[in-house]
Amino acid sequence: MIYLDHAATTPIPRAVADAMYEVLTEQYGNPSSQYSFGADMKKRVEEWRETVADALGCDPKRLYFTACGTESDNWAISAACWQNRHLGKHIVTTAVEHSAVRVTCQWLEKQGYEVTYLTPDGSGDITAQQVLDAVRPDTALVSVMLVNNELGNIYPVAEIAAGLKKKNPQTLLHTDAVQAFLKIPFTAKTLGADFIALSGHKIGAPKGIGALYISDRVRNPKPLLSGGGQEGGLRAGTEATAQIAGFAKAVELRTENLAEKLARMTELKAYAKEQLSTIPDVLLLGGEAPHVLALSLVGWPSQNIVNDLGSQGICISAGSACHQGKPSHVVATLKLPKKAAGGVIRLSFGPETTREEIDACVAALRTHHDTRMPML
Ligand code: PLP
């Protein structure tokens with residue numbers, strides 16, 4: 001199998017599975033138990049939190065484990081709206097957010113919030129000025145993702161944070177960094193966002209673990225789950241110790257020689273673009289994130305391409321894996337001609353992706369182009 005869908009999910013390295021196996025079978029104590037078998041686990045959870053917090057460049061006390069990126073996004077948005085309930089009921093976000101943000105904002109609209117959805121330009125970019133211009137005195141929250149999952153565009157979150165502090169310092173800033181964490185260089189400090197959502201399974205950790213950074217500007221964060229007092233009383237529920245162990249191990253592995261890994265992925269993406277542009281009717285799309293390459297085989301329906309390559313053991317995606325079968329709201333914002341929009345696919349890479357895998361994928365796409373019927 002050739003797996004070129006790392007933005008959907010990633011393979012779990014053996015060392016991550018081993019770390020989890022040890023916790024599942026030997027270190028299965030409950031971190032809240034009083035005896036050392038439990039208390040030791042509590043210590044280890046704090047060590048694992050430190051590993052993830054170090055990679056994000058934040059104080060471990062500000063990092064809370066969650067079940068996934070979706071949960072982190074949901075929590076951030078509701079906590080921000082709660083904290084700023086005195087300020088107003090206006091939210092600024094983009095029209096290209098992941099559903100975890102988009103659907104949450106749509107739900108808030110039904111509860112009386114007004115949401116401004118900013119549309120990117122034809123290349124998928126959004127400027128800080130565009131965001132800041134939309135901010136009003138009653139804007140409780142700005143939510144702008146750091147890397148777009150379908151296009152790979154990188155959004156100017158640090159610039160938005162700096163501008164917000166001048167324009168409306170009370171407005172809170174959330175960023176969905178699920179596709180950015182350990183894919184582009186940033187820290188909580190360099191970003192300056194109040195909430196940063198992460199997900200484990202995009203970086204070699206298991207599914208079912210995420211994290212949310214909450215800055216100290218959010219004095220009394222609204223709890224997500226009330227109960228036994230875990231996660232500083234903000235996200236109760238017995239810690240998913242094996243998942244957390246896997247998350248920390250994956251972070252540890254990814255951060256080893258990270259700059260080299262990112263440089264290699266950037267070089268691989270440039271190589272892939274070069275090869276793809278030799279196929280007639282290919283239109284390269286998207287931004288600079290090293291692991292996401294969006295393109296259209298103009299005139300050939302994306303679902304057919306994905307199925308054809310899938311039948312040859314080559315895994316790629318037609319837009320976001322969360323929207324299979326439906327037209328993507330992200331691609332729609334690019335206002336491409338119908339035949340170009342219908343042919344958008346996404347290749348996404350991991351540190352272990354090779355040139356040979358790219359070559360095989362490009363060859364399969366060329367054959368698809370040369371042998372399959374285009375849409376009328
Ligand atoms: N945000 C972005 C940008 C994503 O790409 C994804 C997953 O595809 C999510 C959020 C949701 O993360 P999770 O699958 O951990 O809920």
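Both backbone and side-chain heavy atoms feed into the values below; hydrogens, waters and symmetry mates do not. Whatever order the structure lists ligands and atoms in, that order sets their numbers, starting from 1.
Aromatic pair Tyr64/Tyr213: ring centres not closer than 6.0 Å.
The backbone and the side chain of Thr70 each have at least one atom closer than 4.0 Å to an atom of ligand 1 (non-hydrogen atoms only). Looking at Met145 against ligand 1, only its side chain comes within 4.0 Å, counting heavy atoms. Within the 4.0 Å heavy-atom criterion, neither part of Asn148 lies near ligand 1.
Between Tyr117 and the choices Arg102, Glu109, Glu97, the side chain to side chain donor-acceptor pair (under 3.5 Å) rule is met once, by Glu109.
Between Asp370 and Arg366 no salt bridge is recorded (no basic side-chain N to carboxylate O distance below 4.0 Å). Ion pairing between a basic and an acidic side chain is recognised when a charged N comes within 4.0 Å of a carboxylate O; Glu47 and Lys42 show no such pairing. A salt bridge is absent between Lys61 and Glu46; no separation between the charged side-chain nitrogens and carboxylate oxygens falls under 4.0 Å.
Set against the non-hydrogen atoms of His201, the atoms of ligand 1 under 4.0 Å away are 13 (P), 14 (O), 15 (O). Contact atoms of ligand 1 toward His98: 1 (N), 2 (C), 3 (C), 4 (C), 5 (O), 6 (C), 7 (C), 8 (O), 9 (C), 10 (C), 11 (C) (distance under 4.0 Å to a heavy atom of the residue).
For the ligand labelled ligand 1, residue Lys202 lies inside the 4.0 Å heavy-atom shell.
Evaluated by nearest non-hydrogen atom to atom 12 (O) of ligand 1, the leading choice among Gly69, Ala177, Ala7 is Gly69.
Using a 3.5 Å distance cut-off with no hydrogens or angles, the side chains of Asn148 and Asn153 do not pair a donor with an acceptor.
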